[in-house]
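A short write-up of the structure that comes next.
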Amino acid sequence: MGCCTGRCTLIFLCTFQLLAALERQVFDFLGYQWAPILCNFFHIIIVILGLFGTIQYRPRYIIVYAIWAALWVTWNVFIICFYLEVGGLSKESDLLTFNISAHHSWWSEHGPGCVRKEMPATGVKSFDSQSYISVMGCMVEYQYIEVMHSAFQILIALVGFVYACYVVSAFTEEEDSFDFIGGFDPFPLYHVNEKPSHLLLKPMYLST
């Protein structure tokens with residue numbers, strides 16, 4: 001009963017985690033955040049693998065999911081440190097875009113209550129001149145939205161890691177108990193060659 005409950009809970013967690021990862025992937029695509037996009041892609045694949053392993057009773061797949069859950073927590077801790085500018089990191093850098101573009105988080109211009117104003121650059125106007133974008137009135141700063149996203153991902157990953165370890169342990173115990181009673185033995189330990197009852201009752205003399 002405990003295994004079934006843990007397995008069903010892990011299936012629900014993986015499904016919910018998959019939906020949360022897809023939501024995050026959409027907003028990272030809108031902000032051209034290439035490093036998070038790549039990590040989200042691997043995360044989605046591993047979560048699907050863990051979901052498949054849980055449904056099909058494949059402990060090895062669940063172990064891979066548990067290992068990735070620990071790595072996923074580490075990645076999201078880095079994202080939190082990046083947006084809170086911990087340890088010399090700067091949220092204004094192009095680190096998350098691999099320094100190939102100057103894009104930033106999509107929430108920096110489209111957060112709740114934000115008013116985006118685009119003003120032409122001063123000086124000589126040309127087709128190549130870029131406009132200055134001013135964002136005002138945001139109810140929540142974009143870095144805190146990203147931090148909340150990462151903190152939510154950490155919470156789900158930690159719960160998923162705990163349940164993954166529990167389900168793997170339960171599956172292993174079931175397999176060990178099944179082996180103990182000879183469930184996987186192709187031949188029984190003690191083989192009794194039984195004869196049909198009518199042969200045992202057959203007279204031991206030949207009729208003349």
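Predicted model, so just to flag it, every value in this text is computed and none were measured. Values below: every heavy atom of this structure, side chains too, minus hydrogens, waters and symmetry copies.
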- Message: Do Arg24 and Phe152 form a cation-pi contact, if we require the NZ or CZ to be under 6.0 Å from the six-membered ring centre and within 45 degrees of the ring's axis?
- Response: no
Separation between [atom1] of [X] and [atom2] of [Y], rounded to the nearest 0.5 Å:
X	Y	atom1	atom2	result
Ile154	Thr74	CD1	OG1	8.5 Å
Leu84	Ile79	CG	CD1	11.0 Å
Ser93	Phe82	OG	CZ	3.5 Å
Cys114	Glu109	SG	CD	9.0 Å
Cys14	Leu19	SG	CG	11.5 Å
Ser169	Ile62	OG	CD1	11.5 Å

- Item | side-chain hydrogen bond (donor to acceptor under 3.5 Å, both in side chains) involving Asp28 - partner list, sequence neighbours excluded | Asn40
- Item | Shared hydrophobic cluster for Val77 and Val147 (ILVMFWY, side-chain gaps under 4.5 Å) |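 Val77 and Val147: one cluster.
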- Stepwise side-chain hydrogen bond (donor to acceptor under 3.5 Å, both in side chains) check, Tyr65 with Gln17: CA-CA 12 Å; Tyr65 165 79; Gln17 195 174 20; 2.7 Å; yes
- Kindly indicate, with the supporting measurements, whether the criterion side-chain hydrogen bond (donor to acceptor under 3.5 Å, both in side chains) is fulfilled by Glu23 and His149. CA-CA 10 Å; Glu23 179 266 341; His149 265 92; 3.0 Å; yes
- Message: Students often mix this up, so state it plainly: with edges at 30° and 60°, are the rings of Phe27 and Trp106 parallel, tilted or perpendicular?
- Response: tilted
- Query: Angle class for the His43/Trp72 ring planes (parallel below 30°, perpendicular above 60°, tilted otherwise)?
  - Reply: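 His43 and Trp72: parallel rings.
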- Under the side chain to side chain contact (heavy atoms under 4.5 Å, CB included) rule, what do Tyr83 and Leu96 come out as? Steps first, then yes or no, please. CA-CA 11 Å; Tyr83 281 106; Leu96 297 184; 3.6 Å; yes
- Task: Would you mind listing the cluster partners of Phe12? Hydrophobic ones only (ILVMFWY), side-chain contacts under 4.5 Å, chaining allowed.
- Result: none
- Between the side chain of Arg7 and the main-chain N/O of Val167, is any donor-acceptor distance below 3.5 Å?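 No, the answer is negative, given that no donor and acceptor are paired below the 3.5 Å cut-off.
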